[in-house]
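Reading through the structure tokens given below for one structure.
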Amino acid sequence: MTQPLQTQQRRPFSSLYSRLALTFAALILAFAGLCGGLNLLWVKKHQEEIIQRLNQGLADHIAKEWRLAKGETWNNFGVNGLFDMLMVVNPSIELYLLDNTGAILSNNAPPGRVQLLKVSLEPINEFLTHDPLPIRGDNPRVPERQEIFSAAALTKDGKPNGYLYIVLSGDDYQSLASDVWKGHVFQSVMWTGGAVLVLTLIVGLGLFFVVTRRLKALIQGIVAFDASGFTGDLQLDPAVRQSPDEIGILACTFSRMAERIANQMQQIKFQDELRREMVANVSHDLRTPLTSIQGYLETMMRKSDQLSWQEQQTYLKVAVRQSQRVSHLAQELFELAKLECKEASPHFEKFSIQELIQDVVQKYELSANAQKIRISAQFLKTIPFVYADIEMIERVLSNLIDNALRYTPEGGKIELSLTHEGGKVFVRLADTGTGIPEEYLDCLFERNCELRKQQRGKSTGIGLGLLITKQILDLHHSSVNVTSTPGQGTTFVFELPVQAKA
């Protein structure tokens, strides 16, 4: 069984706000890390592109301005002097003299620092054909790393003679670049970025708190409504219900739902009380005839030899009459229960309401004559067919006529008539009985009618026929109206459609 909302244990970070806060913080941190990493990557690439563009013609300029060859061989003294001078002017570069195959002929590195004997010519050819920068080539000092460079083709007598290869980000540059985090600018950027990140988290969490605060108020109202057993009111802040966003719509919907649930719970309790009262009333009404039956049968058993044949017949007739009353009451209770539980559904068809009334009147005519009551039916032959359940409508007519016979004195009359208006046939039953006081007319078709309580235990019964009538007409989407004048009579009117609803 599900625990009530207020008794369910709360796990850490189980609230919507905490989950949103954690998710937001994780997303911000991940986004900041991703952006920081991408920014460093692209800044480095952009810096390499700028450096390579600025020095794109460096190797070509040196090759044109300096004599790197001496006769048939390279001018080693001139090359070494040039390399040393350029290293002093720009310590970040490293110069290499290559032959046509990429083999290193000369360099300015300290002994043992050069790890490669040959440089790949593919990046050099790409550079010389002006492919998009940056382009990276081999770093002879660090074979596992490639760096940006500048290169120029060397010729002698118009023939390729080798290459001048300049690494633009040498060991000195890499050493300084690896210690960039120690610099003032980098630390300033990191502190500023961290402050912005913390401020973003604080502002975001504050906004989430503002947004979820109304949702938390809604949840607290629902928890309180649950604690009240769904019978109280859903107390919500008017600001929550009046907001035009989804939370406001949800709050209004929950308010209407809570009101409906509370009303239904009240109705269920009310119906339960009525059912209990009904059971008590039925028990009382059953007790009277059953006691009578038991008394007469026990009398016959104990005094069978002392009673005459006429007295025995009288006792048996009383017992049979009381058993019929019990049977009729049980049948009515069973029928009312089926109608209230929606187990009985009408089977609509077209039929002549005039013929049905004639049949029902003939069924009660003998009983009416015995009570010296005149029962008649008058209506025009132009009344159209009605669309309803013929057996249920017969039950309605029987209940109304039976009720009229029960409260109409000798010499009275019962009249049935029909009228047709606006696609409906109105059935009218009027009697000249004792009538019903005005204060009981509104509750006549309800279980808790005070008039029904007053009739409890009397020979007239508890009036379940009118409850059955109301249930049947409700199934036909019809209504029944009653007017009465005490001492003059009562009139019942209900309508039936002449065709099916679209």
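This chain uses plain numbering: 1 for the first residue, then up along the sequence. Below, all heavy atoms of this structure are taken into account, side chains as well, without hydrogens, waters or symmetry copies.
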(message) Counting only heavy atoms not in Lys363 (residues, nucleotides, ligands), do more than 12 fall under 6.0 Å from its NZ?
(response) yes

(message) Keeping Asn403 on the side-chain end and Asn399 on the backbone end, is there a donor-acceptor pair under 3.5 Å?
(response) no

(message) Atom CG of residue position Leu366 - does it have more than 12 heavy atoms of other residues, nucleotides or ligands inside 6.0 Å?
(response) no

(message) Measuring from atom CG of Leu27 to atom CG of Leu201, what distance do you get when rounded to the nearest 0.5 angstrom?
(response) 10.5 Å

(message) Would you say that Leu397 contacts Leu416 through its side chain, given a criterion of any heavy-atom pair below 4.5 Å between the two side chains?
(response) yes

(message) Show the nearest heavy-atom pair for residues Ala368 and Ile375, with the distance to one decimal.
(response) CB-CG2, 3.8 Å

(message) Do Leu466 and Leu400 make a side-chain contact, defined as non-hydrogen atoms from C-beta onward lying under 4.5 Å apart?
(response) yes

(message) What I'd like to find out is whether the side chain of Leu29 reaches to under 4.5 Å of the side chain of Leu197, using heavy atoms alone.
(response) yes

Could you list the donor-acceptor pairs under 3.5 angstrom formed by side chains in residues 484-494, with sequence neighbours left out?
from: Ser484; atom 1: OG; to: Ile436; atom 2: N; distance (Å): 2.6
from: Ser484; atom 1: OG; to: Gly489; atom 2: O; distance (Å): 3.2
from: Ser484; atom 1: OG; to: Thr490; atom 2: OG1; distance (Å): 2.9

(request) Search all heavy atoms of Ile472 against all heavy atoms of His476 and return the closest pair with its distance. (result) O-ND1, 2.9 Å

(message) Looking at Glu391, I'd like to know if its CD atom is crowded, meaning that more than 12 non-hydrogen atoms belonging to other residues, nucleotides or ligands lie closer than 6.0 Å.
(response) no

(request) For residues Leu496 and Ala388, report the shortest heavy-atom separation together with the two atoms involved. (result) CD2-CB, 4.3 Å

(request) Would you check if Val498 and His420 make a side-chain contact, meaning some heavy-atom pair closer than 4.5 Å? (result) yes

(message) Quick one: does any side-chain atom of Gln378 pair with a main-chain N or O of Glu415 as donor and acceptor, under 3.5 Å?
(response) no

(message) So, taking the atom named CE in Met257 and the one named CD in Gln264, what distance separates them when rounded to the nearest 0.5 Å?
(response) 10.5 Å

Ignoring hydrogens and angles, write down the donor-acceptor pairs under 3.5 Å from the side chains of residues 346-358, residues two or more places apart or on other chains.
from: Ser352; atom 1: OG; to: Gln354; atom 2: OE1; distance (Å): 3.0
from: Ser352; atom 1: OG; to: Glu355; atom 2: N; distance (Å): 3.4
from: Gln354; atom 1: NE2; to: Ile383; atom 2: O; distance (Å): 2.9

(request) Supply the atom-to-atom distance Thr432 OG1 to Ile373 CD1, rounded to the nearest 0.5 angstrom. (result) 7.5 Å

(message) Which heavy atom of Ala404 sits nearest to which heavy atom of Leu429, and what is that distance?
(response) CB-CD2, 4.1 Å

(request) To the nearest 0.5 angstrom, please state how far the CD atom of Gln322 sits from the CG atom of Leu290. (result) 9.0 Å

(message) Rounded to the nearest 0.5 Å, what separates atom OH in Tyr364 from atom CG in Leu405?
(response) 7.5 Å

(message) To the nearest 0.5 Å, what is the distance between CD on Glu311 and CG on Leu316?
(response) 12.0 Å

(message) Looking at every non-hydrogen atom in both residues, tell me the closest pair between Gly433 and Pro409 and how far apart they are.
(response) CA-CD, 3.8 Å

(message) Between Glu394 and Val360, is the side-chain contact (heavy atoms from CB on, under 4.5 Å) condition met? List the steps.
(response) CA-CA 7 Å; Glu394 180 181 3; Val360 176; 3.8 Å; yes

(request) Might you confirm whether atom CD of Glu421 has over 12 heavy atoms from other residues, nucleotides or ligands at distances under 6.0 Å? (result) no

(request) Examine distances only and state if a side-chain atom of Ser478 and a backbone atom of Leu473 form a donor-acceptor pair shorter than 3.5 Å. (result) no

(request) Could you list the residues that satisfy salt bridge (Lys or Arg N to Asp or Glu O under 4.0 Å) with Arg53, not counting sequence neighbours? (result) Glu49

(message) Quick check against the 3.5 Å criterion: does Gln52 have a side-chain atom that pairs as donor or acceptor with the backbone of Leu133?
(response) no

(message) Can you confirm whether more than 12 heavy atoms, excluding those of Glu438, are under 6.0 Å from its CD atom?
(response) no

(request) State plainly whether the residues Asp474 and Lys470 are in salt-bridge range, i.e. N to O under 4.0 Å. (result) yes

